[in-house]
Chemist: 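Okay, here's the structure, questions in a sec.
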Amino acid sequence: MTPEDQEETQPLLGPPGGSAPLSRRVFLAAFAAALGPLSFGFALGYSSPAIPSLRRAASPALRLDDDAASWFGAIVTLGAAAGGVLGGWLVDRAGRKLTLLLCTVPFVVGFAVITAAQNVWMLLGGRLLTGLACGIASLVAPVYISEISYPSVRGLLGSCVQLMVVIGILLAYLAGWVLEWRWLAVLGCVPASFMMLLMCYMPETPRFLLTQQRRQEATAAMQFLWGSEQVWEEPPVGAEHQGFHLAQLRHPGIYKPFIIGISLMAFQQLSGINAVMFYAETIFEEAKFKDSSLASVIVGVIQVLFTAMAALIMDRAGRRLLLTLSGVVMVFSTSAFGAYFKLTQGGPSNSSHVDLLTPLSTEPASASVGLAWLAVGSMCLFIAGFALGWGPIPWLLMSEIFPLHVKGMATGVCVLTNWFMAFLVTKEFSSVMEVLRPYGAFWLASAFCIFSVFFTLSCVPETKGQTLEQITAHFEGR
């Protein structure tokens, strides 16, 4: 390695002598940014309690039929795909902080339109706006958090993006028990409004400021976030204006993280997670449980608990190990859930209902009861497995693996991939279940989970404990 290479791989910033930062305001800034993912988690979960209520709406203009209900659940992902493209453009031009502030506008306006809706088109328009905000927030929040974090806690803070998403989903489920769909939309405005207030007092990321040659502001930002001025190297001359060109895809430092980022996002959605969360109540009704809404809340609680566990161990266990473990658990759980539907199809016991909270010992000793609990167990195992790895880690790695000069465009493509795949899976999940039967749909998801495990073992690098600049140097072979 030449002296020039060594100089290039020096981190842009880092704790002096490897010491721990003196200030913990970095955690406050990460929390402020993570309110964006909380909002888009609420937007994702909103459809689950709102659709049954809107199907029974007194006004015919607001009542959802099967097709409208499918679009109501799926259109948010279509808006998010567009938001990913817009966010990728904004994040390199307006900056990370301003992009976070701007994404609060479509969140608030979208939920306000839903609150005031007089017909189905207003409902869909509001969902589209919240989807646009979801796409922007899902891109910029991980980038902001990764760029303000120091290596020893970047996994923890980066995983909090997904943690806030699942908390938002659970909040929507719980609030849906007591609030009618209009008031539920009013509640959706609260996290985004709180985020707008907090982010006004947070700094721009030091890395972005350095690429804009604003060294004094970067110093002030590090003083605020870490409590001390850090040792950094200036970014390479001209890097802030280099941008992205297609010819750069020939370089391993660009095309390798591109392939990894896009593949991670595709595999995350092909596991079927968004279909499970959007249609959680419908899936449990198919499994013949009386209180499907309670089952959805239990699923949400499990997801929150295991995502929190993943965040706590992320910087110790590493990304590769958790991704692999997560994929293996998802293979077994989706296979078991498919087996449940295979064993119960067309049988006379399909009409029997099982109370989710009733102990097994009080039920008749029949095969239907055991199979029903197989459905509960496999669903909970799937959620736990996803939350341990494939939930938080693709978003975390997306924010870690790209060089600064292509980060906006590259993360935009990843987010577009994620949300477009989410749209396809969510919109066509019912059709796939009709064509392949429910058991076939879950076995197909199991096959994708198997591919994800092999991809992780063969292609995904370990990034724990490394600076963002060291990760970039790894892909470039330095």
Side-chain angles (χ1 to χ4, degrees), residues 40-81 110-134 168-177 179-188 269 272-297 299-300 341 379 419-438 441-442:
F40 89 70
F42 190 92
L44 292 181
Y46 177 82
S47 62
S48 188
I51 286 176
S53 178
L54 286 166
R55 285 183 184 273
R56 302 186 298 267
S59 170
L62 287 169
R63 195 173 302 137
L64 298 182
D65 57 21
D66 288 343
D67 188 56
S70 175
W71 276 106
F72 187 82
I75 198 171
V76 67
T77 58
L78 198 60
F111 277 119
V113 169
I114 293 174
T115 302
Q118 300 300 314
N119 54 56
V120 171
W121 289 108
M122 289 185 71
L123 291 173
L124 295 179
R127 289 286 285 170
L128 188 65
L129 281 172
T130 57
L132 183 72
C134 287
I169 293 172
L170 179 59
L171 178 62
Y173 286 170
L174 292 173
W177 274 3
L179 295 177
E180 173 270 336
W181 62 271
R182 288 190 193 273
W183 285 106
L184 198 59
V186 172
L187 181 61
Q269 294 303 325
I273 183 60
N274 263 355
V276 170
M277 299 311 296
F278 277 129
Y279 299 112
E281 296 189 16
T282 305
I283 289 173
F284 273 90
E285 286 172 5
E286 188 74 16
K288 305 304 177 187
F289 289 98
K290 285 180 181 177
D291 198 343
S292 59
S293 62
L294 176 59
S296 298
V297 170
V299 165
F341 283 115
M379 178 66 75
W419 287 108
F420 180 69
M421 294 297 297
F423 170 75
L424 289 180
V425 172
T426 305
K427 187 71 175 66
E428 300 302 326
F429 180 65
S430 298
S431 301
V432 172
M433 290 185 75
E434 288 178 9
V435 174
L436 298 180
R437 302 292 181 87
F442 281 97

Chemist: Where do A185 and T115 come nearest, in terms of heavy atoms and distance?
Modeler: CB-OG1, 3.4 Å
Chemist: Do F111 and L187 come within less than 4.5 Å of each other through their side chains, counting heavy atoms only?
Modeler: no
Chemist: Rounded to the nearest 0.5 Å, what separates atom CG in L124 from atom CG in L78?
Modeler: 11.0 Å
Chemist: Return the CZ to CD1 distance between R56 and I51, rounded to the nearest 0.5 Å.
Modeler: 12.0 Å
Chemist: Using 4.0 Å as the upper bound for N to carboxylate O, is an ion pair formed by D65 and R55?
Modeler: no
Chemist: Quick check: closest heavy atoms across G45 and Y173, and the distance to 0.1 Å?
Modeler: O-CE2, 3.8 Å
Chemist: For the residue pair W181 and F72, is the inter-centroid distance of their aromatic rings smaller than 6.0 Å?
Modeler: no
Chemist: Between CG of L123 and OG of S47, what distance do you get to the nearest 0.5 Å?
Modeler: 12.5 Å
Chemist: Between D67 and W71, is there a side-chain heavy-atom distance shorter than 4.5 Å?
Modeler: yes
Chemist: Applying side chain to side chain contact (heavy atoms under 4.5 Å, CB included) between Y46 and each of L171, V76, I169, L184, report the one that passes.
Modeler: L184
Chemist: Quick check: are there more than 12 heavy atoms from other residues, nucleotides or ligands sitting under 6.0 Å from CZ of R437?
Modeler: no
Chemist: What distance do Q118 atom CD and L62 atom CG have between them, rounded to the nearest 0.5 Å?
Modeler: 6.5 Å
Chemist: Can you name the nearest heavy-atom pair linking L129 to G110, along with the distance?
Modeler: CB-CA, 3.7 Å
Chemist: Search all heavy atoms of L436 against all heavy atoms of A441 and return the closest pair with its distance.
Modeler: CB-N, 4.0 Å
Chemist: For the CD atom of Q269 and the CZ atom of F420, what is their distance to the nearest 0.5 Å?
Modeler: 12.0 Å
Chemist: Would you say the side-chain atoms of R127 pair up with the backbone N or O of A43, donor to acceptor, closer than 3.5 Å?
Modeler: yes
Chemist: When rounded to the nearest 0.5 angstrom, what is the spacing between CD1 in I75 and CG in L128?
Modeler: 4.5 Å
